[in-house]
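Below, read A as the first sequence line, B as the second, and so on, with proteins coming before strands; counting in each chain starts at 1. Basis for what follows: all heavy atoms, side chains included, without hydrogens, waters or symmetry-related copies. These numbers were taken from a predicted model, which means no experiment stands behind them.
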2 protein chains.
Amino acid sequence: MGRKVIDNPNVCSLVHAMNVIGNKWKPILIYLLANGSLRFGKLLMFTPTISKKVLTEQLRELEEDGIIIRKKYAEIPPRVEYSLSKKGKALLPILKSLSQWTQDSYNEIEFEACRIVTL
Amino acid sequence: MGRKVIDNPNVCSLVHAMNVIGNKWKPILIYLLANGSLRFGKLLMFTPTISKKVLTEQLRELEEDGIIIRKKYAEIPPRVEYSLSKKGKALLPILKSLSQWTQDSYNEIEFEACRIVTL
DNA sequence: CGGTATCCGATATGATACTG
DNA sequence: CAGTATCATATCGGATACCG
């Protein structure tokens, strides 16, 4: 017997959301931008162990998906500011509730300490 | 200048949440279990393109993280039922809001149709 | 039925050096 | 400063065969 295949808009939309935010760095980057815009160098400084290459890729994808806005100033040396779009801001309460879910559901000892930079 | 490293419980908890649900299949599996328990064979049937190996791995990890409960019956042929734990159920409204976020933020044409099986 | 075991390709992430 | 380019590695996901 084959497998049933049925469209489900809710599951499909969830898959899309996970494609947009569900990887190692994107939720962190969104969180870092919650309080306002940041320059490339600051984002790099605040996310230890990320490489420039990966940071660039993640920012480009978030921009393509309409989550963040990239503003480039014609100066030398160059200055680039990243900020959350409306879509990105709409994500913040959901990420907050995910964070809260962890804090409600697990003891500190159950998940290894992670050291992420913040402002 | 080095990078600042500061603990942030909120970001840390978000990272943990993404570790628990942020991959290709786990949110789908949680959604599939939203309406009650399902057997291994049913989960396999309802997630086209997943392999037995990967399904087993995902279910084991969800069990380790306390999201689902695995109940094995001593019968021949064997029967195994998977269901959501309390932690898993607490995740449902959050996944729902992520799904809703996509539907509010994107046109259908902006994300490729995905065909996921449902009941 | 509900898995394991083995192999393998694809993708994600990272280190480093270089550039306009 | 804000990237690219290149190379290396690790993890993820998938195909297939076999097992209790």
Walking along DNA chain C from 5' to 3', note the first and the last nucleotide with an atom under 4.0 Å from a heavy atom of chain B, and give both. dC1(C) to dC7(C)

Whole Å only: how far is the CZ atom of Arg70(A) from the P atom of dC1(D)? 16 Å

Tell me whether the OP1 or OP2 atom of dA2(D) has a side-chain N or O from Arg79(A) closer than 4.0 Å. no

Please check this pair: side chain of Ser85(A) against backbone of Gly66(A), looking for a donor-acceptor N/O pair closer than 3.5 Å. yes

With sequence neighbours left out, write down each residue that passes ring-ring contact (aromatic ring centres under 6.0 Å, His included) with Tyr31(B), or none if nothing qualifies. none

What's Tyr82(B) touching, base or sugar-phosphate or nothing? Going by heavy atoms closer than 4.0 Å. sugar-phosphate

Rounded to the nearest Å, what distance is computed from the CG atom of residue Leu59(A) to the C1' atom of nucleotide dC1(D)? 14 Å

Could you pull out all residues at least two apart from Gln100(A) that satisfy side chain to side chain donor-acceptor pair (under 3.5 Å)? Asp104(A)

Could you go through nucleotides 13-20 of chain D and list every protein N or O atom that sits under 3.5 Å from one of its N or O atoms, giving the distance for each pair?
residue, atom, partner, partner atom, Å
dG13(D), OP1, Lys24(B), N, 3.4
dG13(D), O6, Lys53(B), NZ, 3.4
dG14(D), OP1, Lys24(B), NZ, 2.7
dG14(D), OP2, Trp25(B), NE1, 3.0
dG14(D), N7, Lys53(B), NZ, 3.4
dG14(D), O6, Lys53(B), NZ, 2.0

Residues that Glu61(A) engages under salt bridge (charged side-chain N to carboxylate O under 4.0 Å, His left out), provided they are two or more places apart: Lys26(A)

Residue pairs, two or more places apart or on separate chains, that pass salt bridge (charged side-chain N to carboxylate O under 4.0 Å, His left out) and touch residues 15-24 of chain A: none

If we fit an axis to the first five pairs and another to the last five of the helix from dC1(C)-dG20(D) to dG20(C)-dC1(D), what angle do they make, to the nearest 10°? 50°

How would you list all residue pairs meeting ring-ring contact (aromatic ring centres under 6.0 Å, His included) that involve residues 71-103 of chain A, not counting sequence neighbours? Trp101(A)-Tyr106(A)

Round to the nearest Å and state the distance from Glu63(A) atom CD to dG3(D) atom C1'. 14 Å

Residues forming a side chain to side chain donor-acceptor pair (under 3.5 Å) with Asp65(A), sequence neighbours excluded: none

Does dA2(D) have OP1 or OP2 under 4.0 Å away from a side-chain N or O of Arg60(A)? no

Indicate yes or no: at least one non-hydrogen side-chain atom of Thr102(B) is less than 4.5 angstrom from one of Leu14(A). no

For Gln58(B), give me all partners under side chain to side chain donor-acceptor pair (under 3.5 Å), at least two apart in sequence or on another chain. Asn23(B)

With a 3.5 Å cut-off and sequence neighbours excluded, list the donor-acceptor pairs that the side chains of residues 86-96 of chain B form with protein atoms.
residue, atom, partner, partner atom, Å
Lys87(B), NZ, Ser105(A), O, 3.3

Under the salt bridge (charged side-chain N to carboxylate O under 4.0 Å, His left out) test, which residues partner Arg79(B), sequence neighbours left out? Glu75(B), Glu81(B)

